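In what follows, a structure is listed as structure tokens, so that the remarks can point back to it.
Ligands are counted one by one from 1 in listed order, and the atoms in each one are counted from 1 as well. Not measured: the values here are computed from a predicted model.
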Amino acid sequence: MKRIIVLASGSGSNAENIANYFKDKTNAKVSYILTNNAKAKVLDRAKRLEISSKIFTKQEFAEGKNVLDFLKKEADLIILAGFLLKISPEIVAAFPNKIINIHPALLPKYGGKGMYGMNVHNAVVENKEQETGITIHYVNENYDEGAIIFQESVAVSPEDTPEIVASKVHELEYAFFPKVIEEIVNNL
Ligand code: GRF
């Protein structure tokens, strides 16, 4: 049974979706949800889903040691799902091709520092893009720059608000992220 650890800083709807996807499977499960934000709604989701959760401070994620020791003990695969901090180089080095992030746009467009959540969808609408989508990629030391694993696009209509774009992107995330994770976890 492979142990998937999900890191989230906010709402955690992807974390919940992934946990539910693996709930009745025998190949892997979400064993922990980690966050840097004691007020993150993802903690309420973890409690309701009866999944263990742990809070590490921003400092601990930056320094890496406490988080690294924990992940070495507990994780086979690490998923970033709405996690807003950079992963320390020590952790990246310790888990080659085992840290995966989902970005709510078609990287390399609309990626990098500050490009998260509604900032991304606002920019897509402001630039009158005709499509957007999701990018699932391996994580390296820089935001949104690791090797791309999977992308899926969706059309953006001229009348779409950023909120409508966000909901279209979330639909792609919920449909594809667990399946991409399962493909990877089955080949660990
Ligand atoms: C998602 O749009 C994901 O692509 C991005 O952050 C958002 C997290 O949403 N990385 P949630 O916390 O999973 O609801």
Which residue from P104, G10, G82, G12 reaches closest to atom 6 (O) of ligand 1 through any of its heavy atoms?
-> G82
No-hydrogen, no-angle side-chain donor-acceptor test under 3.5 Å, S13 and R45 = no
Non-hydrogen atom of H170 closer than 4.0 Å to ligand 1 = yes
of all protein heavy atoms, closest to atom 13 (O) of ligand 1 is N14 N, 2.8 Å
Would you mind running through ligand 1 and noting each atom that sits below 4.0 Å from a heavy atom of S11?
-> 12 (O), 14 (O)
Just wondering, more than 12 heavy atoms not from Y110 lying within 6.0 Å of its OH?
-> yes
Considering only protein heavy atoms, which is closest to atom 10 (N) of ligand 1, and at what distance to one decimal place?
-> I102 O, 2.9 Å
Could you tell me whether the side chain of S31 and the main chain of R3 form a donor-acceptor pair under 3.5 Å?
-> no
closest protein heavy atom to atom 2 (O) of ligand 1 is E173 OE2, 2.8 Å
Please tell me if the side chains of L172 and F177 come closer than 4.5 Å, counting only heavy atoms from C-beta onward.
-> no
Ranked by distance from atom 14 (O) of ligand 1, the top protein heavy atom is S13 OG, 2.5 Å
Please check if atom CD in E183 has more than 12 non-hydrogen atoms from other residues, nucleotides or ligands closer than 6.0 Å.
-> no
Can D69 and K65 be counted as an ion pair, charged N to O under 4.0 angstrom?
-> yes
